[in-house]
Amino acid sequence: MDYTDLYIDGAWRATETRFDVFNPATEEVIASVASADIADADAALDAAERAMADWAARTPRARSEVLRRAWELMTERLDHFAHLITLENGKASADAKGEATYAAEFFRWFAEEAVRADGLITHAPASGARIVVQHKPAGLAVLITPWNYPAAMGTRKIAPALAAGCGVIIKPASETPLTMLALMPLLEEAGVPPGLVNVLPSKKTGALVDHLMHDPRVRVVSFTGSTGVGRKLLKGAADQVLKPAMELGGNAPVIVFEDADMDTAIEGTMLAKMRNLGEACTAANRIYVHADIADTYIRRLTEAMSALKVGDGTDASVDVGPLVNADTRDKVAAFVADAVKKGAKVHCGGEVPAGKGYFYPPTVLSIVSADADCVRDEIFGPVAAIQTFTDQDDAIARANDTEYGLVAYVFSGDFKRALQVCERLDYGMVGLNRGLVSDPAAPFGGTKQSGLGREGGHEGMLEFMETQYISASW
Ligand code: NAP
């Protein structure tokens, strides 16, 4: 691997303490990566502060051109980034290329948004003063990303932060730091000045992030990961009243009505379930199918899931790579065992294969009990857990019966009914006759314990900006 050290102030810094990164398909070590400590965090903060002073003063157009160039360069090198993603995360090469494309698109989208930080000027109704509203860069941002999208969860934060005029320090997940490190030479080439973007992989994660978040120069903490860690960070953010952007866990319901087009429902469920082999916050977690069509739906979904080829994701013919690590694979196996104990029927999959690699086969379960663990928690694996319903209100109530509120999916041929159902779902996003909602141009984010704030869309850049109002007379 070419880039395995810390990236601070535009330079590579080795450390004595290092940690191993594994290929989940082979269980072999693929890199030994530097582990940042407090002194490294301070160096990154100093560098980011210096670089931001100049960057924030540049015109929005100048910032936009750099981001646009980053999109062009990344788009030219999608295969390179996809390969790295597969090596450290395991996902199949087509999935990895999809992620690399999605990741690059954030640079293009926020190159376009950088020049659109709209303000407002209006008359104060009573005093006659002018109300002038503008958005300014919020300050340094600490970005913490998970392992399931090693590129996209980073660019979804870096691009809007840079568009807004902020300097950043990124703490990538310890399982998958290589893709983010490899992005740094590309950003340099695109014209990102030294120090503006710093990457600190670390095995002392909690202490490092806590230190960063308590530096007075930091004003934003943007996190994607589990709800448990998100809660801790929110408590830490309270000390300095940081702007928090929290993209947390999900427990996505899929509701398939009796009037749904079956091809659309199967295709949409497959995408919502198997994109990233189920290791996604947006992954279909609970599937509610109308009892009238359940037999056909289960048969068709089982056929589609059984047809997927499992193997090392670097083989282009493979559809489903390994899960990221042994813990994740064992957790998925435990979910299936628990569901079966509580009465579920296994239609395909359900057995951990022998041999190297953290593989788990695409699995379809029906008659899943409402109190099965996989109904309450995120499965984060290739397991479709199906229940049936007969009453629309009951389906909506069951879909909403969770502390999460990231995304729901609805399949129905009756558009009026479908929209009425969408409005009653307590979720930040809904896929209507679609199994994919992620789009750089759309505000991604959840309600309830799925998080705070939005990434992408027009909202994404505002997470890194402060609103200033000037009350003026002239
Ligand atoms: P995680 O355990 O919460 O880790 C995410 C990041 O937080 C990693 O960089 C991790 O570093 C870091 N971290 C762990 N403990 C920390 C602490 N005490 N203080 C500061 N940082 C800490 O989550 P994960 O297992 O990597 O990712 C899966 C979760 O992410 C799922 O719940 C999924 O739903 C969620 N997710 C949400 C979205 C969304 O947009 N809503 C998108 C993708 C994933 P280390 O790796 O060094 O531990």
Side-chain angles (χ1 to χ4, degrees), residues 19-22 33-36 41 88-89 91 99 102-103 106 142-157 169-180 199-214 221-237 242 244-252 275-276 278-285 323-325 327-328 331-332 377-381 402-407 427-429 437-440 442-457 460 463:
F19 63 93
D20 289 338
V21 175
F22 296 85
V33 171
S35 177
E88 63 176 349
N89 167 278
K91 68 182 75 174
E99 179 188 343
Y102 176 52
F106 284 102
V142 175
L143 316 178
I144 305 138
T145 55
W147 47 258
N148 61 347
Y149 287 91
M153 295 303 97
T155 60
R156 195 163 81 170
K157 298 181 190 304
I169 295 148
I170 308 160
K171 212 305 287 172
S174 297
E175 264 92 356
T176 57
L178 301 172
T179 307
M180 193 44 56
V199 188
L200 300 183
S202 180
K203 268 304 201 187
K204 296 181 187 154
T205 302
L208 185 93
V209 171
D210 195 60
H211 182 77
L212 288 166
M213 282 174 36
H214 284 84
V221 57
S222 178
F223 170 72
T224 299
S226 59
T227 296
V229 173
R231 280 192 204 104
K232 270 191 214 162
L233 294 179
L234 278 171
K235 286 180 188 149
L242 300 184
M246 296 280 144
E247 295 293 345
L248 309 178
N251 182 353
R275 181 164 163 261
N276 225 43
E279 289 177 315
C281 52
T282 50
N285 209 59
L323 293 161
V324 74
N325 56 29
D327 282 355
T328 307
K331 208 171 153 195
V332 172
D377 295 331
E378 271 186 299
I379 301 170
F380 244 57
T402 168
E403 72 267 28
Y404 295 107
L406 188 62
V407 60
Y427 286 84
M429 304 178 286
V437 293
S438 304
D439 190 317
F444 186 106
T447 61
K448 300 198 282 188
Q449 296 194 33
S450 286
L452 292 171
R454 294 293 181 266
E455 292 191 322
E463 301 286 343

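Whatever order the structure lists ligands and atoms in, that order sets their numbers, starting from 1.
The distance from atom OG of Ser450 to atom CD of Glu403, rounded to the nearest 0.5 Å, is 8.5 Å. The CD1 atom of Ile144 lies 9.5 Å from the OG1 atom of Thr205; values are rounded to the nearest 0.5 Å. The CZ atom of Arg231 sits 8.5 Å away from the CG atom of Leu248 when rounded to the nearest 0.5 Å. Distance check: Leu212 CG to Leu143 CG gives 10.0 Å after rounding to the nearest 0.5 Å. With values rounded to the nearest 0.5 angstrom, Leu208 atom CG is found 4.5 Å from Ser202 atom OG. Here the CE atom belonging to Met153 is positioned 11.0 Å from the OG1 atom belonging to Thr176, to the nearest 0.5 angstrom.
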*Leu452 and Leu234: CA distance, side-chain angles, deciding distance, side-chain contact (heavy atoms from CB on, under 4.5 Å) verdict*: CA-CA 10 Å; Leu452 292 171; Leu234 278 171; 3.8 Å; yes
_Step-by-step side-chain contact (heavy atoms from CB on, under 4.5 Å) determination, Leu406 to Lys448_ = CA-CA 8 Å; Leu406 188 62; Lys448 300 198 282 188; over 6 Å; no
*For the pair Phe444 and Thr282, evaluate side-chain contact (heavy atoms from CB on, under 4.5 Å) and give the outcome as yes or no after the intermediate values.*
CA-CA 10 Å; Phe444 186 106; Thr282 50; 3.6 Å; yes
*List the steps, then state whether side-chain contact (heavy atoms from CB on, under 4.5 Å) holds for Thr145 with Met180.*
CA-CA 10 Å; Thr145 55; Met180 193 44 56; 5.7 Å; no
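Less than 4.0 angstrom separates atom 45 (P) of ligand 1 from at least one non-hydrogen atom of the protein.
Close approach of ligand 1 to Phe380 (heavy-atom distance below 4.0 Å) involves ligand atoms 28 (C), 31 (C), 33 (C), 34 (O). Atom numbering of ligand 1 starts at 1 in the shown order; those under 4.0 Å from a heavy atom of Pro172 are 9 (O). Proximity to Leu233 (heavy-atom distance under 4.0 Å) selects the following atoms of ligand 1: 19 (N), 20 (C). Each of the following atoms of ligand 1 lies closer than 4.0 Å to a heavy atom of Ser174: 45 (P), 46 (O), 47 (O).
For atom 22 (C) of ligand 1, the candidate residues are Asp377, Val221, Thr205; the nearest heavy-atom contact is made by Thr205. Of all the listed residues (Pro177, Gly230, Ser35, Ser226), Ser226 holds the heavy atom that lies closest to atom 3 (O) of ligand 1. Distances from atom 5 (C) of ligand 1 to the heavy atoms of Val229, Thr224, Leu406 put Thr224 nearest. For atom 40 (O) of ligand 1, the nearest non-hydrogen atom from the set Met153, Arg156, Glu455 comes from Arg156.
The nearest protein atom to atom 35 (C) of ligand 1, hydrogens excluded, is given as Gly225 O, 3.2 Å; this is a heavy-atom distance. Closest protein heavy atom to atom 18 (N) of ligand 1: Gly206 CA, 3.9 Å. Scanning the protein for heavy atoms near atom 32 (O) of ligand 1, the closest one is Glu378 OE1, 2.7 Å. In terms of protein heavy-atom proximity, atom 37 (C) of ligand 1 is closest to Leu248 O, 3.1 Å. Nearest to atom 39 (C) of ligand 1 among the protein's heavy atoms is Cys281 SG, 3.2 Å. Distance from atom 24 (P) of ligand 1 to its nearest protein heavy atom, with residue and atom name: Trp147 NE1, 3.4 Å. For atom 27 (O) of ligand 1, the closest non-hydrogen atom on the protein side is Pro146 CB, 3.4 Å. For atom 7 (O) of ligand 1, the nearest protein heavy atom (residue, atom name, distance) is Phe223 CE1, 3.2 Å.
Here Phe444 has side-chain heavy atoms under 4.0 Å from ligand 1, and that is the only part of it that gets that close. Under 4.0 angstrom from ligand 1, the non-hydrogen atoms of Asn148 all belong to its side chain. Only the backbone of Ser202 comes within 4.0 Å of ligand 1, judged by heavy-atom distances.
Considering both main-chain and side-chain atoms, Thr145 comes within under 3.5 Å of ligand 1 through a nitrogen or oxygen pair. Considering backbone and side-chain atoms together, Lys171 places an N or O closer than 3.5 Å to an N or O of ligand 1.
Using a 4.0 Å cutoff on heavy atoms, Gly228 does not count as a contact of ligand 1.
Contact check on Lys157 versus Glu455 returns a salt bridge, with a Lys/Arg side-chain nitrogen under 4.0 Å from an Asp/Glu carboxylate oxygen.
If you look at Phe380 and Trp147, their ring centroids are closer than 6.0 Å.
With sequence neighbours left out, Glu88 forms a salt bridge (charged side-chain N to carboxylate O under 4.0 Å, His left out) with no residue at all.
Under the 6.0 Å distance and 45° angle rule, Lys91 counts as a cation-pi partner of Tyr149.
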